[in-house]
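For the numbers below, each heavy atom of this structure counts, side chains included, while hydrogens, waters and symmetry mates do not. Here is how names work: the chains are called A, B, and so on, in the same order as the sequence lines, proteins then strands, and each is numbered from 1. Keep in mind it's a predicted model, so treat the numbers as computed, not measured.
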Protein chains: 2
Amino acid sequence: MARRKAGLGERHKKILKFLEKFQTENGYPPSIREIGENTNISSTSVVNYYLNQLEEMNFIERESNVSRGIRLVKTLEGNLVNAAQAITEMFSVPVIGRIVAGEPVPVPSSDFNYYDQETGIDIARSLLPPREKTSDLFALEVQGDSMIDAMVNDGDIVVMRPVSQANNGEMVAVWLADRDETTLKYFYLEDGHVRLQPANPQMKPIIIDNPAQVQVQGKVVLVIRRMEGA
Amino acid sequence: MARRKAGLGERHKKILKFLEKFQTENGYPPSIREIGENTNISSTSVVNYYLNQLEEMNFIERESNVSRGIRLVKTLEGNLVNAAQAITEMFSVPVIGRIVAGEPVPVPSSDFNYYDQETGIDIARSLLPPREKTSDLFALEVQGDSMIDAMVNDGDIVVMRPVSQANNGEMVAVWLADRDETTLKYFYLEDGHVRLQPANPQMKPIIIDNPAQVQVQGKVVLVIRRMEGA
DNA sequence: CTTGACATCGAACGTTTGTTCGTGTATGAT
DNA sequence: ATCATACACGAACAAACGTTCGATGTCAAG
C-alpha cells in the first residue's frame, strides 16, 4: 500500500471516530481489543501501533500499562477536548414552558422531577458563578415581544431559579396581579416601595407603592439567544 | 458501627467524589484498586460492595467484567450526567475582545491560534444547529449601551462567525464606514439596497442605498447574557 | 535490483483488573 | 440469648488487558 502522508490515514480516522463514539455512549474509553473489533483490525499490536501515532499527533494521550488508559485530546473535527469538559462541567436545565406577559411564570413545584423532561437546554457550568447551585434551575422560552424592555427577544431562553424574595439588583420575573402581567425587571426595594427597573436604560421603571402587590416568582441567572437559521 | 440509613454514607460520598474528580482529571474512570487507594479502603471487595450500592441508588452504572467499566449517572450534587455531555458536546470559543459601536469588529485572522487563549466561553454543542461548524467561531463582549437596538446589553457575550457576505435574515455585525459605527442588525439585500433591521421591532431599519458601504464582518450565532451577582 | 521505511499480523507474556469466597464484628429486632 | 443484616476485610482466582516480539508484505528511493 502507499506510504502514509503526514497526517491522518483512513485507519487513524476510523479509530478516532470510534473512540469518540464509544466514550460518548459508554462513559469510559474502549480497550485495545474493542477498538480492533470495531475497526476491522485483527491484531492488538496494530491497534497499539496506530494509537501510538495518534498520540504523537496529539489527538490522544495514553497511560502506559493502564487498561483503557486513553484520553481524547482532540477530536476528528479538530476541537480540543478540554479537561474542564468533565461530568460536572455541563448540565441540563429543563425547558418547562413559555414565559408570556399575560400569565404568571409556570414555576415548577419543588418536588417536580425535571429529569423526565426530554427537552432541556445544555449549559456549561462555567457560565454561572461558581457559588451558584445548578439544582432547581428551570428554563422558559420567551413568547412574543412583551419582554423587550428586559432586552429579551421572542424565542430567547431564560434560565431561572425559583425564588419568592429578591435581593436588590437581581433580575426577576414578577407577576403583577393588578395588571395581569408578568414582567422581567431588575428589582429594588427602597423606601417602602418597589422599583422595577427595565434592562433597557432608555425605559422608565415601574414604581409599586405596595410591595405586597409584587409577586416575585423567579430570579434570572442566564439568557440565551440562539439565532434562527444561524 | 451504626447501620446505614437509606441513602449515602460517608464512604459512598467519598467514592462518588473521587469518581468525579478522577474522571475529570484523567478522561477515563478509575479502577477498583485506584478507588480503594484514594478512599482509604484496603480491600477490593469492599469497594465492590459500595459500588454495587451506588449502582442500586442510580448514581452509577457498571459493566460486569469490564475494566474501569463504571459510568457516572448522577453526581453527588444530584445533577444527571447526560449522555450528551460527551467529548464533542461542549467546546470553547475564545473571547477575543470587546464590541463597541465606534470601532470595527476585531475579526481574527484565519490563522489565529485561538487555543492559546486563556479566556474562553464554554458552549454546549446543542445550542447551535447541528450543521453549524464549531471551528472559527469567536466571541466578543459587548461594551456600552450602543447595541440596545439589537436587544444586546452591555456585558453580553456575542458569539460570531467571521463572514464577509451575509444571507437575508441573518444577524450580522456590520461596519458602516461613513458613520464610523459597528452595528448588529438583521441583514436584507433587496432591490439593490441593504436594509439593516434592528432586533427591537419598535425601532426603524437603516437603509443603505450603496451596498458597498456595508462591510459585513461577522454573523451572530449566539448571544449569552450572564446575570451579574446571579 | 536492493534497501529501508511503513504497514500488517498472530502469538505470547506479564500485568492489571474485577469478582468471589470465607471470616469477623457490630447492631437492631425478636 | 439468638438471629439476620450491614459493614469490613484479606486472599485467591480467572479474565481482561496492554505490551512486546518476530515475521511478512508493500512501496518508494537510490
Identified side chain to side chain contact (heavy atoms under 4.5 Å, CB included) counterpart of B:Met160 within the set B:Val221, B:Val172, B:Leu222, B:Leu140 = B:Leu140
Please state whether the phosphate of [N], meaning OP1 or OP2, lies under 4.0 angstrom from any side-chain nitrogen or oxygen of [X].
X	N	result
B:Gln53	D:dA6	no
A:Ser67	C:dT17	yes
B:Arg11	D:dA6	no
B:Arg62	C:dT19	yes
B:Tyr49	D:dA6	no

In whole Å, I'd like the distance from the [atom1] atom of [X] to the [atom2] atom of [N].
X	N	atom1	atom2	value
A:Ile15	D:dG18	CD1	P	13 Å
A:Asn40	C:dC9	CG	C1'	14 Å
B:Leu51	C:dT17	CG	P	14 Å
B:Tyr28	D:dC17	OH	P	15 Å
B:Glu34	C:dT16	CD	P	10 Å
B:Glu63	C:dT19	CD	C1'	15 Å
B:Ile32	D:dC17	CD1	C1'	15 Å
A:Leu54	D:dG18	CG	P	15 Å

Collect all protein-nucleotide pairs involving nucleotides 20-22 of chain D in which both atoms are nitrogen or oxygen and the distance is under 3.5 Å.
none

Could you check B:Arg161, B:Lys185, B:Lys219 and say which one makes a salt bridge (charged side-chain N to carboxylate O under 4.0 Å, His left out) with B:Glu170?
-> B:Lys219
Nearest heavy-atom neighbours spanning A:Ile35 and A:Phe18 | CA-CE2, 3.8 Å
Nearest heavy-atom pair of A:Ile60 and A:Val73: which atoms, and what distance?
-> C-CG2, 3.8 Å
Using a cut-off of 4.0 Å on non-hydrogen atoms, how would the nucleic acid contact of B:Val47 be classed: base, sugar-phosphate, or nothing?
-> nothing
Does B:Leu189 offer a backbone N or O that forms a donor-acceptor pair with the side chain of B:Asn168 under 3.5 Å?
-> yes
Of A:Asn65 and B:Arg33, the one whose closest nucleotide on DNA chain D sits nearer the 5' end is B:Arg33
On DNA chain C, more 5' by nearest nucleotide between B:Val46 and B:Arg68 is B:Arg68
Pair B:Arg62-B:Asn52, side-chain donor/acceptor within less than 3.5 Å = yes
Taking ring pair (Phe, Tyr, Trp, His ring centres under 6.0 Å) as the test, write out the residues that go with A:Tyr188, two or more places apart.
-> none
